[in-house]
Enquirer: 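Here it is, the structure in full.
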Amino acid sequence: MNNIINLEKKSKWLRKVTFEMLASVKQGHPGSVLSQIEILVSLYYGGVIRYEKNKPNSPDKDNIIISKGHSAMGLYPIFADIGYFDEKELNKFGTTEGFLRIFGNISIPGIDCTSGSLGHGLGVGSGFAFSYKYNKKKNRCFVIISEGEMYEGSTWESALFSSHHNLDNLVVVLDRNRKIILGDTEECIALNSIADKWESFGFYVIEVNGHSIRDLLEAFNKIGNTNSKPLLIIANTVKGKGISFMENEAKWHYWHNLDENELALAREELSQ
């Protein structure tokens, strides 16, 4: 129970830090960043992902790919916290003085794949996982995708490849906040039933509350016990989670200028 409480505190920390980074440069993608916070915290502070502090290039670490590259910056505070680079770099986010970009790329310590072109992350992750299995290594690959990427054919090609090769060292987390740039996915082109689709492609599927640390950790505990199938975790989340006027609003896919009252309200809510 104490571990869950600590991880929830860590989630509040990560939400506040990422918001301030976005606010400092007045650009970025708050909705997508804020919806994935508990997923990232569970992975790195819940004992799921294997990594070595201060060693972003450790040959024994697991890979993480945030395929929706516009939200990769959610990893930056974590990487600074585990010693991949100096925490002072967070203050230079999105500026020419630093190396932390709005979109993640492989020039940044800890980023395993330059992403942003939607639908590509799963293919890269499948390649990592296949290589590890072929070479009998214990490394695993975690890929976080957006539901908008289910509109991309390359996602399904990679899914077929992954299940065909029994890549049970591949874990895909679908950040299911229901919102893309154009609005609600079920109003654009309906995706449900998502679980049925992925199961038909040969994945072991679990659906959880993506803001529940307990649910996420229980889902990650299934890694290695999926009957040789790759694992898909459907994490039901809220776009813009933690800031009332951003929650469930597609417009907050992008940053919009905030007045002083909005800034104050966001900071107050993130401090609760």
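Both backbone and side-chain heavy atoms feed into the values below; hydrogens, waters and symmetry mates do not.
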Enquirer: Any donor and acceptor pair, going by atom type alone, linking the side chain of Lys53 with main-chain N or O of Asp81 inside 3.5 Å?
Expert: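 Checked: no pair found.
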Enquirer: For the CD1 atom of Ile233 and the CD1 atom of Ile144, what is their distance to the nearest 0.5 Å?
Expert: 10.0 Å
Enquirer: For atom NE2 of His256, is the number of surrounding heavy atoms from other residues, nucleotides or ligands below 6.0 Å larger than 12?
Expert: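 Counting other residues, nucleotides and ligands, NE2 of His256 exceeds 12 neighbours.
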Enquirer: Tell me if a side-chain donor or acceptor on Ser228 pairs with a main-chain N or O of Asn166 at a distance below 3.5 Å.
Expert: no
Enquirer: For Trp255, does its backbone N or O pair with a side-chain atom of Gln27 as donor and acceptor, under 3.5 Å?
Expert: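 A pair under 3.5 Å: no.
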Enquirer: Report the relative orientation of the aromatic rings in His253 and His70; use parallel for angles under 30°, tilted for 30 to 60°, perpendicular for over 60°.
Expert: tilted
Enquirer: Is any side-chain heavy atom of Phe203 closer than 4.5 Å to one of Lys229?
Expert: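 Lys229 does not reach Phe203 side chain to side chain.
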Enquirer: So, are Glu20 and Arg267 salt-bridged, with charged N and O less than 4.0 Å apart?
Expert: yes
Enquirer: Side-chain contact test, heavy atoms from C-beta onward, threshold under 4.5 Å: evaluate it for Val41 versus Leu216 and give yes or no.
Expert: no
Enquirer: What's the separation between atom CE in Met21 and atom CG in Leu100, rounded to the nearest 0.5 Å?
Expert: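 Reported to 0.5 Å precision, the distance equals 6.0 Å.
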Enquirer: Linking I/L/V/M/F/W/Y whenever their side-chain heavy atoms sit closer than 4.5 Å, directly or via other members, would Tyr254 and Phe245 fall into one cluster?
Expert: no
Enquirer: Restricting to non-hydrogen atoms, name the atom on Leu122 and the atom on Trp198 that form the minimum distance, rounded to 0.1 Å.
Expert: CD2-CH2, 3.9 Å
Enquirer: Where the side chain of Lys133 meets the backbone of Asn169, is there a donor-acceptor pair that is under 3.5 Å apart?
Expert: no
Enquirer: Say whether Ser212 and Asn209, considering side chains only, have a donor N or O and an acceptor N or O under 3.5 Å apart.
Expert: no
Enquirer: So, the side chain of Asn135 versus the backbone of Lys137: is there a donor-acceptor pair under 3.5 Å, distance only?
Expert: no
Enquirer: Report whether Val172 and Ile66 are members of the same hydrophobic cluster (ILVMFWY, side-chain heavy atoms less than 4.5 Å apart, transitive linking).
Expert: no
Enquirer: With the side chain counted from C-beta on, respond yes when Val208 and Asn236 share a heavy-atom pair under 4.5 Å apart, and no when they do not.
Expert: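 They are not in side-chain contact.
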Enquirer: Could you state the interatomic distance from CG (Leu43) to CG (Asp62), rounded to the nearest 0.5 Å?
Expert: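 Nearest 0.5 Å value for the CG-CG distance: 9.5 Å.
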Enquirer: Spell out, as yes or no, whether a donor-acceptor pair under 3.5 Å connects the side chain of Glu207 to the backbone of Ile234.
Expert: no
Enquirer: Taking the side chain as every heavy atom from C-beta outward, state whether Trp252 and Lys239 have any pair of such atoms under 4.5 Å apart.
Expert: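 They are not in contact (no side-chain heavy atoms under 4.5 Å apart), so the answer is no.
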Enquirer: Does the side chain of Glu149 come under 3.5 Å of the side chain of Ser67 through a donor N or O and an acceptor N or O?
Expert: yes
Enquirer: Going by atom types only, do Glu269 and Ser244 share a side-chain donor-acceptor pair under 3.5 Å?
Expert: yes
Enquirer: Do Leu22 and Met73 pass the side-chain contact (heavy atoms from CB on, under 4.5 Å) test, and can you show the C-alpha distance, the side-chain angles, and the key distance before you say yes or no?
Expert: CA-CA 9 Å; Leu22 293 163; Met73 60 86 62; 4.1 Å; yes
Enquirer: Within the 3.5 Å criterion, strictly below it, is a donor on Glu152 or Ser154 matched to an acceptor on the partner's side chain?
Expert: no
Enquirer: For a quick check under 3.5 Å, do Ser107 and Asn105 share a side-chain donor-acceptor pair by atom type?
Expert: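 Yes - a donor-acceptor pair under 3.5 Å links their side chains.
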Enquirer: Looking at every non-hydrogen atom in both residues, tell me the closest pair between Ile37 and Ser11 and how far apart they are.
Expert: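 So the two residues come closest at CG2-O, 3.4 Å.
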Enquirer: Taking Phe128 as the fixed residue, which of Leu170, Val143, Ile65, Asn139 is the one that meets the side-chain contact (heavy atoms from CB on, under 4.5 Å) rule?
Expert: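 With Phe128 as partner, side-chain contact (heavy atoms from CB on, under 4.5 Å) holds for just one option, Ile65.
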Enquirer: Mind listing the closest non-hydrogen atom pair of Gly94 and Ile102 along with its distance?
Expert: CA-CD1, 4.1 Å
Enquirer: Just by modelled atom types, is the Glu249 backbone N or O under 3.5 Å from a matching donor or acceptor in the Lys179 side chain?
Expert: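 No; zero donor-acceptor contacts below 3.5 Å.
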Enquirer: Is the number of heavy atoms from other residues, nucleotides or ligands under 6.0 Å of Lys197 NZ greater than 12?
Expert: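 Counting other residues, nucleotides and ligands, NZ of Lys197 exceeds 12 neighbours.
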Enquirer: Do Leu270 and Ile243 have side-chain heavy atoms sitting under 4.5 Å apart?
Expert: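 Side-chain contact under 4.5 Å: yes.
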Enquirer: Looking at OG1 of Thr155 and CD1 of Ile145, how far apart are the two atoms once the value is rounded to the nearest 0.5 Å?
Expert: 6.0 Å
Enquirer: Any donor and acceptor pair, going by atom type alone, linking the side chain of Trp156 with main-chain N or O of Met150 inside 3.5 Å?
Expert: yes
Enquirer: Take Ser42 and Phe220, measure what side-chain contact (heavy atoms from CB on, under 4.5 Å) needs, and give me the verdict at the end.
Expert: CA-CA 9 Å; Ser42 297; Phe220 288 128; 4.1 Å; yes
Enquirer: Counting only heavy atoms not in Ile106 (residues, nucleotides, ligands), do more than 12 fall under 6.0 Å from its CD1?
Expert: no
Enquirer: Between the side chains of Ser35 and Asp175, is a donor N or O closer than 3.5 angstrom to an acceptor N or O?
Expert: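 There is such a pair (donor and acceptor under 3.5 Å, judged by atom type) between the side chains of Ser35 and Asp175.
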Enquirer: Taking the ring of His29 and the ring of Phe103, is the distance between their centroids below 6.0 Å?
Expert: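 Close enough - the centres of the two rings lie under 6.0 Å apart.
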Enquirer: Is there a path of hydrophobic side-chain contacts, each under 4.5 Å between heavy atoms of I, L, V, M, F, W or Y residues, that connects Leu263 with Val33?
Expert: yes
Enquirer: Provide the closest heavy-atom pair for Pro77 versus Thr18 in the form atom of the first, atom of the second, distance.
Expert: CG-CG2, 4.0 Å
Enquirer: I want to check something: taking the side chain as every heavy atom from C-beta on, are Tyr44 and Leu75 in contact at a cut-off of under 4.5 Å?
Expert: yes
Enquirer: Indicate whether the side chain of Thr185 and that of Arg176 have a donor and an acceptor atom separated by less than 3.5 Å.
Expert: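 Distance-only check passes for Thr185 and Arg176.
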Enquirer: Do Glu38 and Arg15 have side chains that approach each other closer than 4.5 Å (heavy atoms only, starting at C-beta)?
Expert: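 With C-beta onward as the side chain, the pair touches.
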Enquirer: Pick one: which of Asp215, Leu231, Thr226 meets side-chain contact (heavy atoms from CB on, under 4.5 Å) with Ile206?
Expert: Leu231
Enquirer: Just so I know, are the side chains of Arg50 and Lys61 near enough to count as touching, which here means a heavy-atom distance under 4.5 Å?
Expert: no
Enquirer: For Gly104 versus Ala72, what's the shortest heavy-atom pair and its separation?
Expert: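 Nearest pair, atom of Gly104 first, then Ala72: N-CB, 3.8 Å.
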Enquirer: Give the intermediate values and the outcome of side-chain contact (heavy atoms from CB on, under 4.5 Å) for residues Ile111 and Phe79.
Expert: CA-CA 9 Å; Ile111 296 293; Phe79 287 166; 3.9 Å; yes
Enquirer: State the OH-CD1 distance between Tyr45 and Ile213, to the nearest 0.5 angstrom.
Expert: 12.0 Å
Enquirer: Going hydrophobic residue to hydrophobic residue with side-chain gaps under 4.5 angstrom, can you get from Trp13 over to Phe93?
Expert: yes
Enquirer: Yes or no on side-chain contact (heavy atoms from CB on, under 4.5 Å) for Leu232 and Tyr204, after CA distance, side-chain angles and deciding distance?
Expert: CA-CA 6 Å; Leu232 175 85; Tyr204 189 102; over 6 Å; no
Enquirer: What distance separates Lys10 NZ from Leu40 CG, expressed to the nearest 0.5 Å?
Expert: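 Interatomic distance, Lys10 NZ to Leu40 CG, rounded to 0.5 Å: 13.0 Å.
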Enquirer: Is a side-chain donor or acceptor of Asp259 paired with a backbone partner of Glu262 at a separation under 3.5 angstrom?
Expert: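 Checking the backbone N and O of Glu262 against the side chain of Asp259, a donor-acceptor pair under 3.5 Å is found.
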Enquirer: For residues Ile49 and Ile4: do they belong to one hydrophobic cluster (side chain heavy atoms under 4.5 Å, members Ile, Leu, Val, Met, Phe, Trp, Tyr)?
Expert: yes
Enquirer: Report yes or no: do Asn63 and Asp112 form a side-chain donor-acceptor pair below 3.5 Å?
Expert: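 Yes, because at least one side-chain N or O of Asn63 sits under 3.5 Å from a partner of the opposite role on Asp112.
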Enquirer: Using modelled atom types and a 3.5 Å cut-off, is there a donor and acceptor pairing between side-chain atoms of Tyr76 and backbone atoms of Arg101?
Expert: yes
Enquirer: Might you point out which heavy atoms bring Ser146 and Leu118 nearest each other, and give the distance in Å?
Expert: OG-CD2, 4.4 Å
